[in-house]
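Below is one structure, written out as structure tokens; the observations come after it.
Here the structure is a predicted model, which is why all the values come from computation and not from measurement.
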Amino acid sequence: EAPTTPERVRLGRALFFEPRVSAHGTTSCSRCHLPMLSAIDGLPRSIGALDFHLPRNAPTVYNVALHSSQHWDGRFPTVEDQAKTGVAGKAFGNSSFEPVAARLRAIPGYGPLFREAFPGQAEPINEENFGKAVGAFERTLVSRSRFDDYLDGKSDALSPAERKGLQTFIESGCVDC
């Protein structure tokens, strides 16, 4: 996990919506994680760059940084690891990160954003920093619910029936999972 700074969040937001990093300049993270669809694409199987049909549908990125691992099979320990690996994979039509870095270096505006987010680095446009920036943005995608309010001490946030259900959930051991 990397520090979530305003500069990294700003850069990460730009990268999340940036299609020019894909092999044909048409695919961004937001292609499969559409904000207006609760950060999914609504398809049974997501479609990446070059019309590549992915083996699964896209999970939401809302609250994703709260998970203990990332991706459907848990292969990535953090959102940063998933982000840097995802952009260099089949979904984006890339075989490595170097084409992504070259595209980013060629787009005016990304150099200063990377330098602000990662000061003091000779070449801040790299795979590790891409992951840290997109991860920082994804860490801000947190939704709150009445249950969160209840956990924060607002006892009337849940109805009496909901509180009883929670008690049953806890006492029956379901909470252990």
Between side-chain atoms of residues 128-137 and protein atoms elsewhere (two or more places apart, or another chain), which donor-acceptor pairs fall under 3.5 Å?
residue : atom : partner : partner atom : Å
Glu128  : OE1  : Lys84   : NZ           : 2.7
Asn129  : ND2  : Gln121  : OE1          : 2.6
Asn129  : ND2  : Pro124  : O            : 2.8

Is there a continuous path of hydrophobic side-chain contacts, each under 4.5 Å between heavy atoms, that joins [X] to [Y]?
X      : Y      : result
Val100 : Ile107 : yes
Leu34  : Leu141 : no
Leu151 : Leu66  : no

Can you list the residues that meet the side-chain contact (heavy atoms from CB on, under 4.5 Å) rule with Pro6, with sequence neighbours excluded? none
Quick one: sort the Phe76 and His71 rings into parallel, tilted or perpendicular, breaks at 30° and 60°. perpendicular
Report the C-alpha distance between Arg105 and Glu98 in whole Å, list the side-chain angles of each, state the deciding distance to 0.1 Å, and finish with yes or no for salt bridge (charged side-chain N to carboxylate O under 4.0 Å, His left out). CA-CA 10 Å; Arg105 289 183 194 110; Glu98 191 44 47; 3.2 Å; yes
Can you list every pair that meets side chain to side chain donor-acceptor pair (under 3.5 Å) and has a residue in residues 61-70, with sequence neighbours left out? Asn63-Ser143
Going by heavy atoms in the side chains, are [X] and [Y] under 4.5 Å from each other?
X      : Y      : result
Arg139 : Thr78  : yes
Ser46  : Arg56  : no
Ile47  : Arg31  : yes
Asp152 : Arg144 : yes
Leu54  : Arg45  : no
Tyr110 : Arg103 : no
Glu116 : Leu11  : no
Thr60  : Val64  : no

Going from [atom1] on [X] to [atom2] on [Y], what distance comes out if it is rounded to the nearest 0.5 angstrom?
X     : Y      : atom1 : atom2 : value
Phe17 : Cys29  : CZ    : SG    : 9.0 Å
Arg13 : Thr140 : CZ    : OG1   : 6.0 Å
Asp51 : Thr26  : CG    : OG1   : 8.0 Å

Phe114: partners by ring-ring contact (aromatic ring centres under 6.0 Å, His included), with sequence neighbours left out: none
Return yes if some donor-acceptor pair links the side-chain N/O of Ser30 with the main-chain N/O of His33 below 3.5 Å, else return no. no
Residue pairs, two or more places apart or on separate chains, that pass ring-ring contact (aromatic ring centres under 6.0 Å, His included) and touch residues 139-177: none
Minimum heavy-atom separation for Ile40 and Ala58, please, with both atom names. CG2-O, 3.4 Å
Heavy atoms only: give me the nearest Phe97-Glu127 pair and the separation to one decimal. CE2-N, 3.2 Å
Under 3.5 Å donor-acceptor pairs involving side-chain atoms of residues 153-161, not counting sequence neighbours:
residue : atom : partner : partner atom : Å
Ser159  : OG   : Glu162  : N            : 3.1
Ser159  : OG   : Glu162  : OE1          : 3.3

